[in-house]
Undergrad: 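The structure that follows is given in the form of structure tokens.
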Amino acid sequence: RKEVEQDPGPFNVPEGATVAFNCTYSNSASQSFFWYRQDCRKEPKLLMSVYSSGNEDGRFTAQLNRASQYISLLIRDSKLSDSATYLCVVRNAGKSTFGDGTTLTVKP
Amino acid sequence: SQTIHQWPATLVQPVGSPLSLECTVEGTSNPNLYWYRQAAGRGLQLLFYSVGIGQISSEVPQNLSASRPQDRQFILSSKKLLLSDSGFYLCAWSQQGNQPQHFGDGTRLSIL
């Protein structure tokens with residue numbers, strides 16, 4: 001079993017749709033959590049940190065459930081520019097474990 | 001603000017040739033530094049990380065090596081490249097602890 005698992009997708013949604021990604025992790029000692037966005041042939045870029053209380057940044061909402069060991073990312077009112085691969089990252093003792101990513105394509 | 005520079009952006013090398021990729025960070029001191037490789041359509045594989053000058057931890061046995069000669073400089077090397085070394089190499093930095101990582105633009109390495 002992988003330490004961090006994501007549904008690879010692809011998720012194909014129309015503009016304006018709401019889409020949610022989930023990610024599960026196996027190490028209960030994990031200390032911090034992030035979502036990254038990676039465009040084709042580019043480096044990953046930090047999208048947002050994920051806090052236990054849940055946090056929101058514009059159209060993006062991240063949630064953490066420590067008891068069930070999963071994190072989620074919700075994107076509302078999808079834009080064409082949201083098309084990318086979304087990477088779930090779990091961090092512990094200064095080292096990160098990346099999920100393989102979920103691919104999102106937003107269509108007009 | 002902090003910036004990370006990684007070069008070259010693209011590299012084509014013959015099998016058996018040496019490799020040297022360089023990464024530098026500006027605007028911070030004593031960062032954690034990382035080298036990752038990403039094969040096409042795959043996730044990121046941690047190759048090396050460093051918490052300080054001269055301190056290198058290797059995650060995957062291979063024909064690559066890393067060095068940190070200065071606080072904000074991280075170098076990935078190989079004496080003899082293999083076909084399987086092809087991939088997208090990413091350098092990253094973070095503050096100490098569990099702060100998020102920030103990536104360089106990456107080097108796309110093709111071995112012929």
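Per chain, numbering begins at 1; letters A, B, ... match sequence-line order. Every heavy atom of this structure was used, including side-chain atoms; hydrogens, water molecules and symmetry mates were not.
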Undergrad: Quick check: is A/Ile75 connected to A/Phe34 through a chain of hydrophobic side chains (ILVMFWY, heavy atoms under 4.5 Å apart)?
TA: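 Result: no, two separate clusters.
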
Undergrad: Before you tell me yes or no, could you show the steps for A/Leu87 and B/Leu44 under side chain to side chain contact (heavy atoms under 4.5 Å, CB included), namely the whole-Å CA-CA distance, both residues' side-chain angles and the distance that decides it to 0.1 Å?
TA: CA-CA 10 Å; A/Leu87 305 173; B/Leu44 274 71; 4.2 Å; yes

Undergrad: Return the option, out of A/Lys42, A/Lys45, A/Glu43, with the maximum number of heavy-atom pairs under 4.5 Å with chain B.
TA: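 Counting heavy-atom pairs under 4.5 Å, the top option is A/Glu43.
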
Undergrad: For A/Tyr36, is it the side chain, the backbone, both or neither that has a heavy atom under 4.5 Å from a heavy atom of chain B?
TA: side chain

Undergrad: Out of B/Ser94, B/Gly104, B/Ala40, return the one with the most heavy atom pairs under 4.5 angstrom to chain A.
TA: B/Gly104

Undergrad: Check the hydrophobic clustering (I, L, V, M, F, W, Y; side-chain heavy atoms under 4.5 Å; chains of links allowed) and say if B/Tyr49 and B/Ile56 are grouped together.
TA: no

Undergrad: For B/Gln38, is it the side chain, the backbone, both or neither that has a heavy atom under 4.5 Å from a heavy atom of chain A?
TA: side chain

Undergrad: Could you check whether any side-chain N or O of A/Arg91 sits under 3.5 Å from a backbone N or O of B/Gln99, counting only pairs where one atom can act as donor and the other as acceptor?
TA: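 At least one qualifying donor-acceptor pair exists.
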
Undergrad: Can you tell me which of A/Pro44, A/Gly101, A/Gly99 forms the most heavy-atom pairs within a distance under 4.5 Å of chain B?
TA: A/Pro44

Undergrad: Quick check on A/Glu3: does its CD atom have over 12 non-hydrogen neighbours (other residues, nucleotides or ligands) under 6.0 Å away?
TA: no

Undergrad: Which atoms of A/Gln38 come close to chain B, meaning under 4.5 Å heavy atom to heavy atom: side chain ones, backbone ones, both, or neither?
TA: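 Just its side chain gets close to chain B.
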
Undergrad: Are B/Trp35 and B/Val60 connected in the hydrophobic side-chain network, where two residues link if heavy atoms are under 4.5 Å apart?
TA: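 No, B/Trp35 and B/Val60 fall in different hydrophobic clusters.
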
Undergrad: Does the side chain of A/Lys95 come within less than 4.5 Å of B/Ser57's, by heavy atoms?
TA: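 Side chain of B/Ser57 against side chain of A/Lys95, heavy atoms only: no contact under 4.5 Å found.
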
Undergrad: Between A/Ser96 and B/Tyr36, is any pair of side-chain heavy atoms under 4.5 Å apart?
TA: yes

Undergrad: Membership question, hydrophobic clusters at under 4.5 Å side-chain separation (ILVMFWY): are B/Leu90 and B/Leu76 in the same one?
TA: no

Undergrad: So which atom in A/Ala93 and which in B/Asn98 form the shortest heavy-atom distance, rounded to 0.1 Å?
TA: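 What the structure gives for the nearest pair is N-OD1, 3.3 Å.
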
Undergrad: Is it possible for you to say whether A/Val89 and A/Tyr70 belong to one hydrophobic cluster, with membership spreading through side-chain heavy-atom contacts below 4.5 Å?
TA: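 As far as the 4.5 Å side-chain criterion goes, A/Tyr70 and A/Val89 are not connected within one cluster.
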
Undergrad: Look at atom CZ of A/Arg66 and say whether more than 12 heavy atoms of other residues, nucleotides or ligands are closer to it than 6.0 Å.
TA: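 Above 12, so yes.
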
Undergrad: Tell me, side chain or backbone of B/Asp105 under 4.5 Å from chain A's heavy atoms, or both, or neither?
TA: both

Undergrad: B/Phe88 versus chain A, heavy atoms under 4.5 Å apart: side chain, backbone, both or neither?
TA: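 Looking at B/Phe88, just its side chain touches chain A.
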
